[in-house]
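Note that ligands are numbered from 1 as they come in the structure, with each ligand's atoms numbered from 1 the same way. Just so we're clear, the structure is a prediction, and the values are computed from it rather than from any experiment. All values below come from the heavy atoms of this structure, side chains included, with hydrogens, waters and symmetry mates left out.
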Amino acid sequence: MNIALEGKTVLVAASSEGLGFGTAQAVFQEGANTWIGSRKSEKVQEALAKLKSSVVQGQSGTGQVDGSPLDVTQGSSIEAWVAAAQSRYGEAIDGLVINSGGPPPGLFADFDDQAWQNAFELLLLSAVRLVRACRSGLAVRGGAIVIISSTSVTEPIEGLILSNALRSATVAMAKTLSRELAPQRIRVNCLAPGRFATGRIERVDAAAAERLHCTPEEARRKAEAAIPLGRYGSIEEFGRTACWLLSPAASYITGQLITIDGGMTRGTW
Ligand SMILES: NC(=O)c1ccc[n+]([C@@H]2O[C@H](COP(=O)([O-])OP(=O)(O)OC[C@H]3O[C@@H](n4cnc5c(N)ncnc54)[C@H](OP(=O)(O)O)[C@@H]3O)[C@@H](O)[C@H]2O)c1
């Protein structure tokens with residue numbers, strides 16, 4: 001199947017490592033003009049070098065890859081990032097991936113108003129602002145938005161109250177938006193990852209190891225035992241799914257939350 005991303009423009013937020021990087025790599029390897037960004041300029045440069053060498057090593061990409069610093073919690077940073085992408089690749093945007101780091105873990109009693117405000121800016125307001133900045137570009141020839149969410153929206157995760165609450169709001173916004181933007185041929189979907197081997201999950205395992213008085217490797221094995229496929233996902237597996245969802249190959253899918261978790265969540269829906 002040709003997923004027809006060649007020559008399209010795809011912007012991937014928070015993509016210098018982890019799930020965002022895996023997605024940028026997949027769309028770049030499919031020939032899209034790929035634009036990446038995260039807060040630390042040196043991480044963006046390292047990621048660009050890695051992406052370029054992944055193609056030199058024989059994969060089929062024919063698009064360009066570039067990027068600039070981006071802090072999704074700052075409206076002005078989002079506007080500058082999107083404008084820089086459009087000045088590099090032209091006004092039309094075919095794909096937008098909305099992503100960020102996760103909010104801090106903790107219980108209800110741990111967080112004051114400022115912590116809730118920060119989580120709102122990180123997870124919901126960032127999505128609002130990214131969509132606002134890209135909407136006219138996405139309307140030029142139709143396109144797709146993918147929001148990286150979490151299985152916490154269908155099964156709240158203990159000790160992650162900020163993520164559970166704010167990500168649910170983002171998914172509800174995406175569903176509403178999918179109906180509003182459909183007449184402009186813009187699809188809006190969310191992906192709900194379970195556990196993927198990224199820096200963030202390494203930190204989660206290290207924290208669990210401290211709590212459980214075991215090694216991080218033992219904490220990982222325990223977490224993997226709760227996943228029917230018996231392992232964490234790779235960023236390449238995540239990237240392939242996101243890439244397909246962004247592409248014209250998924251042209252009739254909008255307004256959906258798609259779980260990608262090796263069978264980890266137990267509910268039917
Ligand atoms: N990995 C999983 O299994 C999993 C499961 C469920 C949900 N999630 C969620 O999916 C998202 C990505 O997870 P991940 O595991 O890929 O995380 P990660 O490995 O920590 O990578 C996060 C990426 O986001 C960038 N970033 C962080 N804050 C940012 C900001 N304010 N503005 C722009 N870029 C920012 C980081 O680069 P800089 O440091 O340079 O900014 C980095 O490139 C997170 O929200 C996470 O909670 C992950």
Side-chain angles (χ1 to χ4, degrees), residues 11-26 35-48 50-51 67-82 96-106 118-127 129-130 133 146-157 159-168 170-171 190-208 220 223-224 226-227 229 231-239 241-242 257-262 264-265:
L11 279 58
V12 188
S15 48
S16 60
E17 60 179 324
L19 303 179
F21 180 84
T23 303
Q25 181 164 257
W35 187 256
I36 69 165
S38 76
R39 291 166 303 179
K40 298 183 190 102
S41 180
E42 63 281 7
K43 278 171 69 174
V44 174
Q45 291 312 316
E46 273 170 35
L48 286 172
K50 233 164 127 182
L51 288 167
S68 64
L70 165 71
D71 184 346
V72 297
T73 65
Q74 305 298 318
S76 55
S77 175
I78 287 175
E79 281 163 25
W81 184 71
V82 173
L96 167 66
V97 179
I98 295 176
N99 185 30
S100 69
N118 293 346
F120 161 71
E121 289 176 12
L122 182 69
L123 294 176
L124 180 56
L125 191 56
S126 63
R129 286 168 165 166
L130 278 161
V146 168
I147 299 178
I148 300 185
S149 182
S150 167
T151 53
S152 70
V153 300
T154 51
E155 281 187 5
I157 299 171
L160 282 184
I161 192 167
L162 295 175
S163 171
N164 297 342
L166 273 306
R167 287 189 198 281
S168 294
T170 307
V171 170
C190 298
L191 273 175
R195 280 177 96 98
F196 283 79
T198 67
R200 176 173 167 83
I201 290 298
E202 258 174 45
R203 293 189 291 277
V204 168
D205 284 342
R220 175 174 176 154
E224 286 179 326
I227 300 171
L229 287 184
R231 60 177 176 84
Y232 288 172
S234 69
I235 61 168
E236 288 77 16
E237 288 173 310
F238 183 88
T241 306
L257 171 71
I258 297 173
T259 299
I260 167 165
D261 70 350
M264 186 180 81
T265 45

If we ignore hydrogens and angles and just use 3.5 Å, is the side chain of S77 paired with the main-chain N or O of D71 as donor and acceptor? yes

At what distance is the nearest protein heavy atom to atom 9 (C) of ligand 1, and which residue and atom is it? R167 NH2, 3.6 Å

Check each atom of ligand 1 against the heavy atoms of G199 and keep those under 4.0 Å away; list them by number with element. 19 (O)

Taking 4.0 angstrom as the limit and counting only heavy atoms of I201, give me the atoms of ligand 1 inside it, by number and element. 1 (N), 2 (C), 3 (O)

Reported CZ-to-OG1 distance for the pair R167 and T151, which is rounded to 0.5 angstrom: 9.5 Å

Which atoms of ligand 1 are found less than 4.0 Å from any heavy atom of I148? 10 (O)

Could you check atom 44 (C) of ligand 1 against the protein and tell me its nearest heavy-atom contact, residue, atom and distance included? S100 O, 3.1 Å

May I ask you to list the atoms of ligand 1 that are less than 4.0 angstrom from any heavy atom of G18? 16 (O), 19 (O)

Sub-4.0 Å heavy-atom contact, S149 with ligand 1: yes

Return a yes/no value for V72: is any of its N or O atoms, backbone included, closer than 3.5 angstrom to an N or O of ligand 1? yes

Nearest heavy atom to atom 33 (C) of ligand 1: which of V153, V44, L70 does it belong to? L70

Close side-chain approach of L19 to P193, heavy-atom, < 4.5 Å: yes

Passing candidate, side chain to side chain donor-acceptor pair (under 3.5 Å) with S38, options S68, S15, S16: S16

Taking distance alone, with N or O pairs closer than 3.5 Å, would you say L123 contacts ligand 1? no

Looking at R195, which atoms of ligand 1 are within less than 4.0 Å of one of its heavy atoms? 3 (O)

Under a 4.0 angstrom heavy-atom cut-off, which atoms of ligand 1 come close to G102? 44 (C), 45 (O), 47 (O)

By number and element, which atoms of ligand 1 are closer than 4.0 Å to a non-hydrogen atom of K40? 39 (O), 40 (O)

Looking only at distances, please establish whether an N/O atom of ligand 1 is found under 3.5 Å from an N/O atom of R203. yes

Nearest 0.5 Å, what's the CD-CD distance between E17 and E46? 9.5 Å

What protein heavy atom lies closest to atom 40 (O) of ligand 1? Include the residue and the distance to one decimal. S38 OG, 2.7 Å

Can you list the steps and then say if V44 with I36 is a side chain to side chain contact (heavy atoms under 4.5 Å, CB included)? CA-CA 7 Å; V44 174; I36 69 165; 4.1 Å; yes

Give me the residue, atom name and distance of the protein heavy atom closest to atom 6 (C) of ligand 1. P193 O, 3.5 Å

Answer yes or no: is there a side-chain heavy-atom contact under 4.5 Å between F238 and I148? yes

Any atoms of ligand 1 less than 4.0 Å from a non-hydrogen atom of S16? List them with their elements. 37 (O), 40 (O), 42 (C), 43 (O)

Which heavy atom of the protein is the closest neighbour of atom 35 (C) of ligand 1, given with residue, atom name and distance? A14 CB, 3.8 Å

Pick one of side chain, backbone, both or neither for how N99 approaches ligand 1, counting any non-hydrogen atom pair under 4.0 Å. side chain

Before you tell me yes or no, could you show the steps for I227 and Y232 under side chain to side chain contact (heavy atoms under 4.5 Å, CB included), namely the whole-Å CA-CA distance, both residues' side-chain angles and the distance that decides it to 0.1 Å? CA-CA 8 Å; I227 300 171; Y232 288 172; 3.9 Å; yes

Heavy atoms, side chains only, cut-off 4.5 Å: are S100 and L123 in contact? yes

Atom 17 (O) of ligand 1: which protein heavy atom is closest, and how many Å away? R200 CB, 3.6 Å

In the protein, what heavy atom is nearest to atom 1 (N) of ligand 1, and what distance, to one decimal place, separates them? T198 OG1, 3.2 Å

Is it the case that the side chain of W81 and the backbone of A13 share a donor-acceptor pair, with hydrogens and angles ignored and the cut-off at 3.5 Å? no

Rounded distance (nearest 0.5 Å) linking atom CG of L124 with atom OG1 of T170: 4.5 Å

Could you check atom 5 (C) of ligand 1 against the protein and tell me its nearest heavy-atom contact, residue, atom and distance included? G194 O, 3.0 Å

Go through it in stages, so that I can follow the logic: the residues are C190 and V171, the test is side chain to side chain contact (heavy atoms under 4.5 Å, CB included), and I'd like the CA-CA distance, side-chain angles, deciding distance and then a yes or no. CA-CA 7 Å; C190 298; V171 170; 4.0 Å; yes

Once you round to the nearest 0.5 Å, how far does OG of S168 lie from CG of L257? 9.5 Å

